[in-house]
Amino acid sequence: MTPDYPLLARQLEALLDTRDWLTNSAQTCAFVMQSLPNLNWVGFYLQRQPEVLSLGPFQGKPACHPIPFSKGVCGAAARTRTTQRVADVHAVADHIACDVDSRAELVVPVLAGETLWGVLDLDSPQEARFSAADQAGIEQLVAVFVARTDLV
Ligand code: SME
């Protein structure tokens, strides 16, 4: 069953009561991890130098850092600025395996105007965990994060 994403978006709006990117990104990944079933990792990667993703606030096991734009599912999301929804990461040749439990992955780009600020990465141990409805819902949550945050 698809979670009630409009309700989750309203709850996240209420939670993000600072404009601070660090506080809001930490709260957002904790909120997503607590609110959605069957996830093993949720976190932000930030573009803090050109074409490289640096590990930001996350929930889950210690993760890979840094990730160049040229590599992996996160790199593809950053490079193309489009959401990457992968049913089985084992089928992606340049997937970067941080946690052997990860099977499905959803990576949403986070844009500050024209600039790629970073990505939000969700991993699941369940194959094909993310439906098109999940993708739309999580993109909606990222839109709330962007609207509520000063991305510097
Ligand atoms: N699997 C990702 C790397 C990040 S971790 O999953 C936390 C990728 O291929 O980009």
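Whatever order the structure lists ligands and atoms in, that order sets their numbers, starting from 1. Each residue takes its place number in the sequence, starting with 1.
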For this session: Would you mind checking if D134 and R85 are paired as a salt bridge, meaning a charged N to carboxylate O distance below 4.0 Å?
Result: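 A salt bridge is absent here (no side-chain N lies under 4.0 Å from a carboxylate O).
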Could you see which bit of [X] sits under 4.0 Å from ligand 1, with heavy atoms only: side chain, backbone, both or neither?
X	value
C74	both
V89	neither
V107	neither
F58	neither

Could you tell me whether [X] and ligand 1 have an N or O pair separated by under 3.5 Å?
X	result
D123	yes
K71	no
W41	no
I96	yes
G75	no

For this session: Any chance you could lay out the side-chain hydrogen bond (donor to acceptor under 3.5 Å, both in side chains) test for Q27 and S25, step after step, and finish with the verdict?
Result: CA-CA 5 Å; Q27 293 278 48; S25 60; over 6 Å; no
Mark up the atoms of ligand 1 that fall under 4.0 Å of a heavy atom belonging to [X], in ascending order.
X	value
E105	1 (N), 2 (C), 6 (O), 8 (C)
G72	9 (O), 10 (O)
I67	3 (C), 4 (C)
C98	3 (C), 4 (C), 5 (S), 7 (C)
D121	4 (C), 5 (S), 6 (O), 7 (C)
H95	1 (N), 9 (O)

Minimal non-hydrogen separation, [X] against [Y], with atom names:
X	Y	answer
D150	W21	O-CB, 3.7 Å
F31	L15	CB-CD2, 3.8 Å
T83	E139	OG1-OE2, 2.5 Å

Problem set entry | Protein contact to atom 8 (C) of ligand 1 [nearest heavy atom, distance to 0.1 Å] |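 Its nearest protein heavy-atom neighbour is V73 N, 3.4 Å.
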Taking side chain as C-beta onward, heavy atoms only, is [X] less than 4.5 Å from [Y]?
X	Y	value
R103	D88	yes
L36	P3	yes
D99	W41	no
L141	T28	no

Exercise. Just wondering, are more than 12 heavy atoms of other shown residues or ligands nearer than 6.0 Å to CZ in R81?
Worked result: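 Yes, CZ of R81 has more than 12 neighbouring heavy atoms, counting only those of other groups under 6.0 Å.
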